[in-house]
Q: 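Here it is, the structure in full.
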Amino acid sequence: MGHRVGETERKYETAAGAEVPRPVLVGLPDVAGTRTLDPVELDAVYYDTAGLALAAHRITLRRRTGGDDAGWHLKLPSSEADTRIEVHAPLGPDDDHQPPDDLRAETAALTRGRPLHPVVRLRTTRRRVLLLDRRDRTLAEIAHDTVTAETPDGATTTWSETEVELYDGGPDLLDAVEERLAAAGLHRSASPSKLARALGGVLTPPPAAPDLPATAGRTATAYIREQLTAILALDPAVRRDEEDAVHRMRVATRRARSAFKSFRKELDRATTDPLGDELKWLAAVLGTARDREVLTERLARRLDELDPALVDGRLRHRLLHRAPEHGNGTAAPPELDGARYFAVLDALEALLAAPPYTPAADAPAAEAAETTLRHDHARLRRRIEAAIALPPGHDRDVALHEARKDAKRARYSSEAAQPVLGRPAAAHASRMKGVQQLLGEHQDSVMCRAALTELRAGAVRAGEDPAPYDAVDRREREIAAEVEADLPRAWHEADRPV
């Protein structure tokens, strides 16, 4: 997907109607000289949905001609100060003034199948000064822009601004340049981008979450908002096949669904139950790729432990490339381009915009959070004690798997409660994570043995030696038995409610 770079810059403006001054640039740190470039004319058309879904999330998508970086530019927020991620795609010989598929994929979770169309055209006269070091490297660029914005209805606005973009210089150079600009009468721009300034009052950003949940309902929705933010951020990473992205997006989906269960007293189940079912579907969609990854990694470890005399090319290929229902390849699930997935995202946003609070949602946050955590912990205790009481075998395997689900629920509700309960909730979440991971090791062994059964059958039909499969199966049974033996001790240490 496009060429990705980090872009660190600051924007400045003068008082309304004032001329843009030229700051004194002599004596800046590490700057040995400057170079003034010829002015350039830039023509950029910005694209968005009718509801400005991209701009509302501080994302811009433009097609620009002129200058030395003509092409399609997608700018995304970054966690680093003064920095955005820019994804660049060339115009190409057959450019039809429609965003490339790669950039559409980057924004699919926000646009959700809605068409992109021009919302603003910006024509800019840019005058640039490069700040150079002794080796003639560009440390930063100062661009003085005169901008004319035109909206589809023909309205125009003109203003001047200055951008300072960092190249090979350090943050201290940005600060030093800012001091010179301030002395010349410039101040930081109130608009994060030219598009935001052109749109003016048309753009309404999404409401910010409250700093501290004061009620039980706000505790729940603050946590759900975190998970939706994570899903939206991870969606393009999943489409780019970034390492661990599918797993993290699946976890965020499960956390949101778990919150509906833990906070069912505070949130109307008529709304959350159907949405929870859809989140379960989404987690299953993401789980196909994740389960394949986990199984392949586990079989690779078992393969490395085998007697080399038992390992040949056919065994290696069958274990690592032909696991049943776990084909190779980690492309994004096609469901992520479907109406059902987009409807889930719409429903989550609608829930947060108008939370379906019950009367219990008005309860004080800390008191309600403690009650929720105690309830989830007690539920887990019953599950684990019942599983431990069963003899080894299928029924215990199933019971331990259900206990693992409740360990996740107890962990996630503890995470949601951390803003109001602080360290006790964080400590409880850590204990529940340990129990979850132990039970997860057991479940992974169960699933691995199920896959081995099918793989072994295929090997026998092909006339291959079943001995290596039997050896791996024995090792997996040993691992599961070790977990079951260790579980009473581990649970005894973790069985401390908040």
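All values reported here derive from a predicted model rather than from experimental measurement.
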Q: Using every non-hydrogen atom in the two residues, find where L295 and C448 come nearest and quote the distance to one decimal.
A: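 What the structure gives for the nearest pair is CD1-CA, 4.0 Å.
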Q: Taking 4.0 angstrom as the limit, do R197 and E13 come out as a salt bridge?
A: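 Yes.
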Q: Any salt bridge (charged side-chain N to carboxylate O under 4.0 Å, His left out) involving residues 425-435? Give me the pairs, sequence neighbours left out, ordered by first then second residue.
A: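 Sorted result for residues 425-435: empty, none.
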Q: Tell me, please, which residues at least two apart from Y47 pass side chain to side chain donor-acceptor pair (under 3.5 Å).
A: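 Result, side chain to side chain donor-acceptor pair (under 3.5 Å) vs Y47: none returned.
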Q: Do other residues, nucleotides or ligands put more than 12 heavy atoms under 6.0 Å from the CD atom of E367?
A: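 Check fails, neighbour count at 12 or below.
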Q: Using the side chain to side chain donor-acceptor pair (under 3.5 Å) criterion, which residues pair with T372? Sequence neighbours excluded.
A: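 Counting only residues at least two positions away or on another chain, T372 forms no side chain to side chain donor-acceptor pair (under 3.5 Å).
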Q: In Å and rounded to the nearest 0.5 Å, what is the OG1 to NE2 distance from T107 to H57?
A: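 It comes to 12.0 Å.
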Q: I need the L279 CG to F260 CZ distance, nearest 0.5 Å.
A: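 Between atom CG of L279 and atom CZ of F260 there are 5.5 Å.
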Q: Taking all non-hydrogen atoms of both residues, which atom of L373 and which atom of A425 are closest, and how far apart?
A: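 Nearest pair, atom of L373 first, then A425: CD2-CB, 4.4 Å.
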Q: Between I142 and Y12, is any pair of side-chain heavy atoms under 4.5 Å apart?
A: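 I142 vs Y12: side chains apart.
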Q: Do E86 and R4 make a side-chain contact, defined as non-hydrogen atoms from C-beta onward lying under 4.5 Å apart?
A: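 A side-chain contact under 4.5 Å is absent here.
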Q: Keeping the roles fixed (side chain from T358, backbone from K265), state whether a donor-acceptor pair exists under 3.5 Å.
A: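 Yes, T358 side chain to K265 backbone: donor-acceptor pair under 3.5 Å.
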Q: Indicate the atoms forming the closest heavy-atom contact of D235 with A105, along with that distance.
A: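 So the minimum-distance heavy-atom pair works out to OD1-O, 4.2 Å.
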Q: Tell me which donor-acceptor pairs under 3.5 Å the side chains of residues 116-123 have, and how far apart each pair is, sequence neighbours excluded?
A:
from	atom 1	to	atom 2	distance (Å)
H117	NE2	A50	N	3.4
R121	NE	D43	OD1	2.9
R121	NE	D43	OD2	3.4
R121	NH2	D43	OD2	2.5
R123	NH2	E150	OE1	3.0

Q: Tell me, do T296 and R292 make a side-chain contact under 4.5 Å, heavy atoms counted?
A: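 Yes, their side chains come closer than 4.5 Å.
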Q: Taking atom CG as the centre, does D96 end up with more than 12 heavy-atom neighbours from other residues, nucleotides or ligands that are less than 6.0 angstrom away?
A: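 Above 12, so yes.
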Q: For the pair V446 and H401, evaluate side chain to side chain contact (heavy atoms under 4.5 Å, CB included) and give the outcome as yes or no after the intermediate values.
A: CA-CA 9 Å; V446 170; H401 181 46; over 6 Å; no
Q: Just to verify, what does H377 make a ring-ring contact (aromatic ring centres under 6.0 Å, His included) with, not counting sequence neighbours?
A: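 For H377 the ring-ring contact (aromatic ring centres under 6.0 Å, His included) partners, ignoring immediate neighbours, are H428, W491.
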Q: When you compare the side chain of L455 with that of L299, does any pair of heavy atoms fall below 4.5 Å?
A: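 Contact flag for L299/L455 side chains = yes.
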Q: Taking side chain to side chain donor-acceptor pair (under 3.5 Å) as the test, write out the residues that go with E335, two or more places apart.
A: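 Partners of E335 under the side chain to side chain donor-acceptor pair (under 3.5 Å) test: none.
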Q: What's the shortest heavy-atom distance between A416 and T219, and which atoms?
A: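 Looking at all heavy atoms of both residues, the shortest contact is O-CG2, 3.5 Å.
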Q: Please identify each residue that fulfils ring-ring contact (aromatic ring centres under 6.0 Å, His included) with W159, with sequence neighbours left out.
A: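 ring-ring contact (aromatic ring centres under 6.0 Å, His included) check on W159 returns nothing, list empty.
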Q: Under the salt bridge (Lys or Arg N to Asp or Glu O under 4.0 Å) test against E163, which residue among R188, R126, R128, R127 passes?
A: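 With E163 as partner, R188, R126, R128, R127 yield a single salt bridge (Lys or Arg N to Asp or Glu O under 4.0 Å), made by R126.
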Q: Which pairs of donor and acceptor atoms, one on a side chain in residues 169-177, lie under 3.5 Å apart (sequence neighbours left out)?
A:
from	atom 1	to	atom 2	distance (Å)
D175	OD1	R10	NH1	3.1
D175	OD1	R10	NH2	3.0

Q: For S193, check side-chain contact (heavy atoms from CB on, under 4.5 Å) against everything at least two apart and list the hits.
A: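 By the side-chain contact (heavy atoms from CB on, under 4.5 Å) rule, S193 matches T60, R84, L195, A196.
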Q: What distance do L130 atom CG and L37 atom CG have between them, rounded to the nearest 0.5 Å?
A: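 One gets 4.0 Å once the value is rounded to the nearest 0.5 Å.
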Q: Check ring-ring contact (aromatic ring centres under 6.0 Å, His included) between Y223 and all other residues, then give those that pass, not counting sequence neighbours.
A: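 For Y223, no residue satisfies ring-ring contact (aromatic ring centres under 6.0 Å, His included) once neighbours in sequence are set aside.
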Q: So W72 and L91, do their side chains get closer than 4.5 Å, heavy atoms only?
A: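 Yes, at least one pair of side-chain atoms sits under 4.5 Å.
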Q: Measure across G440 and R404 and return the closest heavy-atom pair with its distance rounded to 0.1 Å.
A: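 Nearest pair, atom of G440 first, then R404: CA-NE, 3.4 Å.
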Q: Rounded to the nearest 0.5 Å, how far apart are CZ of R409 and CZ of R257?
A: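 If I round to the nearest 0.5 Å, the distance is 10.0 Å.
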Q: Heavy-atom distance under 4.5 Å between the side chains of R63 and L103, does that happen here?
A: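 No, too far: nothing below the 4.5 Å cut-off.
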Q: Is there a side-chain contact between E266 and R218 in this structure, where contact means two heavy atoms from C-beta onward sitting under 4.5 Å apart?
A: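 No - every pair of side-chain heavy atoms lies 4.5 Å or more apart.
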Q: Can you check side chain to side chain contact (heavy atoms under 4.5 Å, CB included) on E165 and T8, steps first, answer last?
A: CA-CA 6 Å; E165 181 176 354; T8 301; over 6 Å; no
Q: Tell me whether R180 at atom CZ has more than 12 heavy atoms from other residues, nucleotides or ligands lying less than 6.0 Å away.
A: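 Yes, enclosed.
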Q: For V420 and A365, work out which heavy atoms get closest and say how close.
A: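 The answer is CG1-CB, 3.7 Å.
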Q: So does E402 pair up with R379, basic N to acidic O under 4.0 Å?
A: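 Not counted as a salt bridge, because no side-chain N and carboxylate O are separated by less than 4.0 Å.
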Q: State the CD-CD distance between E415 and Q418, to the nearest 0.5 angstrom.
A: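 If we round to the nearest 0.5 Å, E415:CD and Q418:CD are 6.5 Å apart.
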Q: Determine yes or no for a side-chain-to-main-chain donor-acceptor pair under 3.5 angstrom, with D145 supplying the side chain and T124 the backbone.
A: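 No, the answer is negative, given that no donor and acceptor are paired below the 3.5 Å cut-off.
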Q: I'd like to check the ring-ring contact (aromatic ring centres under 6.0 Å, His included) partners of H73; sequence neighbours left out, ordered by chain and number.
A: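 Testing H73 for ring-ring contact (aromatic ring centres under 6.0 Å, His included), a comparison that skips the adjacent residues, returns H88.
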Q: Are K405 and R383 side-chain neighbours, meaning at least one heavy-atom pair lies under 4.5 Å?
A: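 With C-beta onward as the side chain, the pair stays apart.
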Q: Roughly how far, to the nearest 0.5 Å, is CG of L110 from CD1 of I59?
A: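 So the gap between those two atoms works out to 5.0 Å.
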Q: Taking the side chain from T83 and the backbone from A81, do they hold a donor-acceptor pair closer than 3.5 Å?
A: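 A pair under 3.5 Å: yes.
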Q: Is the backbone of K261 close enough, under 3.5 Å, to the side chain of R264 for a donor and an acceptor to pair up by distance?
A: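 Such a contact is found between R264 side chain and K261 backbone.
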Q: Is T221 reaching over with its side chain to a backbone N or O of G217, donor-acceptor style, under 3.5 angstrom?
A: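 At least one qualifying donor-acceptor pair exists.
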Q: I need the full list of salt bridge (charged side-chain N to carboxylate O under 4.0 Å, His left out) pairs touching residues 336-349, with sequence neighbours left out, sorted by first then second residue.
A: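 Non-adjacent pairs meeting salt bridge (charged side-chain N to carboxylate O under 4.0 Å, His left out): R112-D346, R112-E349, R239-D337, E278-R340.
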